[in-house]
Amino acid sequence: MLTISSRIHDNILNSTSNSKQHHDDEVYAVPEKDWVLKLLSWYDVNKRDLPWRRTKNPYAIWVSEVMLQQTRVETVIPYYERFMNQFPDLKTLAGAPEEPVLKAWEGLGYYSRVRNLQEAARQVMERFAGQVPPEPKAFRSLKGVGAYICGAVLSIAFQIREPAVDGNVCRVFARFFGWDDPIGSTVLLKKAWQASLDQLAWLPDERVPDWTQGLMELGALVCIPRSARCGECPLADGCTARAQGKVEMLPVRKPRKENQEVYRKALLLTDENGRVLLTQRPDKGLLANMWELPTFEQGFHSLEQVKYEPERSEQFRHVFSHLTWIVDVTPARIDLEKTNPLESRGRVAEESSQYGSDSGQRSWCDREALSRLPMNNLTLKILKKYGVL
DNA sequence: CAAACGTGGCT
DNA sequence: TAGCCAAGTTT
């Protein structure tokens, strides 16, 4: 049985004479639309079998889109499987404590994504009776749902004609139409959004999800940032950049700001039971609410109860998107001879709070706690290196 | 509008 | 090695 779109495609492929006369809004057999059908046909054959493509569940698709922000498919897959297993539906996510939710995201980065997602889940429970709203305006109003997520989830799950313009789509269009507006600019975003909408306007409902995903899939597999595989591209014929030999020059990129180096001193403080002292970061900003080694800006002089040798410190370098941490980690132990264990424990913790980079929660962590508390990759790396994890 | 916000893979 | 980059949103 032929789908509507394949009939259109056949129609186009078979029509050679009557196409030029259609300069109005007639959608069938207009030659300008040929590239759209070529893209859809290419997608039919070349689309990857990804976990979130096996469902129409809007929540599942939403989770995948949030994970895929600035993150590669191969990285996301195992996280997606675990997350959907642990939080199978909106209600479960909304009702969960934040800690296990952050832990499930551990290592993925951009942790505010999942904190926003959980907040949005709670908003859906309250404002929309637990159902993802199919109206763009309503869905877009949820925490962490920007223009892209809104278009992606609604077009894929509900066949709503709302464009989803991401980096891939901007790149594909910039090259195909020869646009030289800088990537990330409002101008390029609007042009791409309109170009996508122009096609959504006439495509049959059932092709709406394929249009959204096909555009991105082409950008991910063929029209890639460097060394584009134009030989495999279904749109190579009509591609402006290809014709002008400017494929590698588009899209135009702005120079990046160099990221600043920030120096920190951290203490890997263990007790006689092998527990380690961790502190929780503030609930806003970088690595919000995650746990890390107590970190001092002024050195360790005040910690008289602690046995440590500064010369044994080891330096770790951790690169974020906008800054680089250079951390001196000093292994240390509670000095039982100098202090009364019953009190010193509290005093050390007290001081680590006073001199640490934050004034948040602190805790002596055993294996169970370490498996439960969310930490960023630098902290995990340090704990593993010293055999604590 | 620019800056904040993580991480790992690839060249 | 060092820099670039990946299915963005918030402030």
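In what follows, every heavy atom counts, from backbone to side chain, and hydrogens, waters and symmetry copies are set aside. Numbered from 1 within each chain, the chains take letters A, B, ... in sequence-line order.
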[X] near the nucleic acid: base, sugar-phosphate alone, or nothing, with a heavy-atom cut-off under 4.0 Å?
X       : value
V145(A) : sugar-phosphate
R317(A) : nothing
I183(A) : nothing
V319(A) : base
A147(A) : sugar-phosphate

Can you measure [X] atom [atom1] to [N] atom [atom2] for me and round it to whole angstrom units?
X       : N      : atom1 : atom2 : value
R281(A) : dG6(B) : CZ    : C1'   : 12 Å
N259(A) : dC5(C) : CG    : P     : 14 Å
L323(A) : dA4(B) : CG    : C1'   : 9 Å
K254(A) : dG3(C) : NZ    : C1'   : 19 Å
N289(A) : dC5(B) : CG    : P     : 14 Å
W325(A) : dG6(B) : CH2   : P     : 9 Å
E258(A) : dA3(B) : CD    : C1'   : 15 Å
Q70(A)  : dA3(B) : CD    : C1'   : 14 Å

Out of [options], which nucleotide sits closest to the side chain of [X]?
X       : options                 : result
N377(A) : dA4(B), dT7(B), dC5(C)  : dT7(B)
S321(A) : dG8(C), dT7(B), dC5(B)  : dC5(B)
H322(A) : dT7(B), dC5(C), dC5(B)  : dC5(B)
L287(A) : dG6(B), dG9(B), dA2(B)  : dG6(B)
I149(A) : dC5(C), dG8(C), dC1(B)  : dG8(C)
T186(A) : dT9(C), dG6(B), dC1(B)  : dC1(B)
L286(A) : dG6(B), dT7(B), dC5(C)  : dG6(B)
K143(A) : dC4(C), dT11(C), dG6(B) : dT11(C)
R72(A)  : dG9(B), dT9(C), dG6(B)  : dG9(B)
Q69(A)  : dA4(B), dG8(C), dG6(B)  : dG8(C)

Nearest-nucleotide 5' precedence on DNA chain B, H318(A) against G184(A):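 The residue closer to the strand's 5' end, by nearest nucleotide, is G184(A).
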Using only side-chain N and O atoms of [X], determine if any of them is under 4.0 Å from OP1 or OP2 of [N].
X       : N       : answer
Y110(A) : dT10(C) : no
N116(A) : dT10(C) : no
K257(A) : dA4(B)  : yes

Any side-chain heavy-atom pair of P209(A) and K56(A) under 4.5 Å: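 They are in contact (side-chain heavy atoms under 4.5 Å apart), so the answer is yes.
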Nearest heavy atoms of L90(A) and A121(A), plus distance in Å: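 In terms of heavy atoms, the two residues are closest at O-CB, 4.0 Å.
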Same-atom distance (P) from dC5(B) to dA2(C), integer angstrom: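 After rounding to an integer number of Å, I get 25 Å for this pair.
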P spacing across the pair dT1(C) / dG6(B), given as an integer number of angstrom: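 One P to the other, the span is 25 Å.
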Looking at [X] and [Y], does any basic side-chain N land under 4.0 Å from a carboxylate oxygen?
X       : Y       : result
E314(A) : K385(A) : yes
K38(A)  : D237(A) : yes
R207(A) : D44(A)  : yes
E261(A) : R317(A) : yes

base_contact_polar (dG6(B) base, T71(A) side chain, donor-acceptor, <3.5 Å):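 Indeed there is one.
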Given DNA chain C, 5'-ward residue of the pair L142(A) and E65(A), judged by closest heavy atom: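 With L142(A) and E65(A) compared, the 5'-side residue is E65(A).
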5' priority, DNA chain C, between R140(A) and M216(A) [closest heavy atom]: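 The residue closer to the strand's 5' end, by nearest nucleotide, is M216(A).
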Ring centroid separation Y79(A) to F83(A) under 6.0 Å: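 No, the ring centres sit 6.0 Å or more apart.
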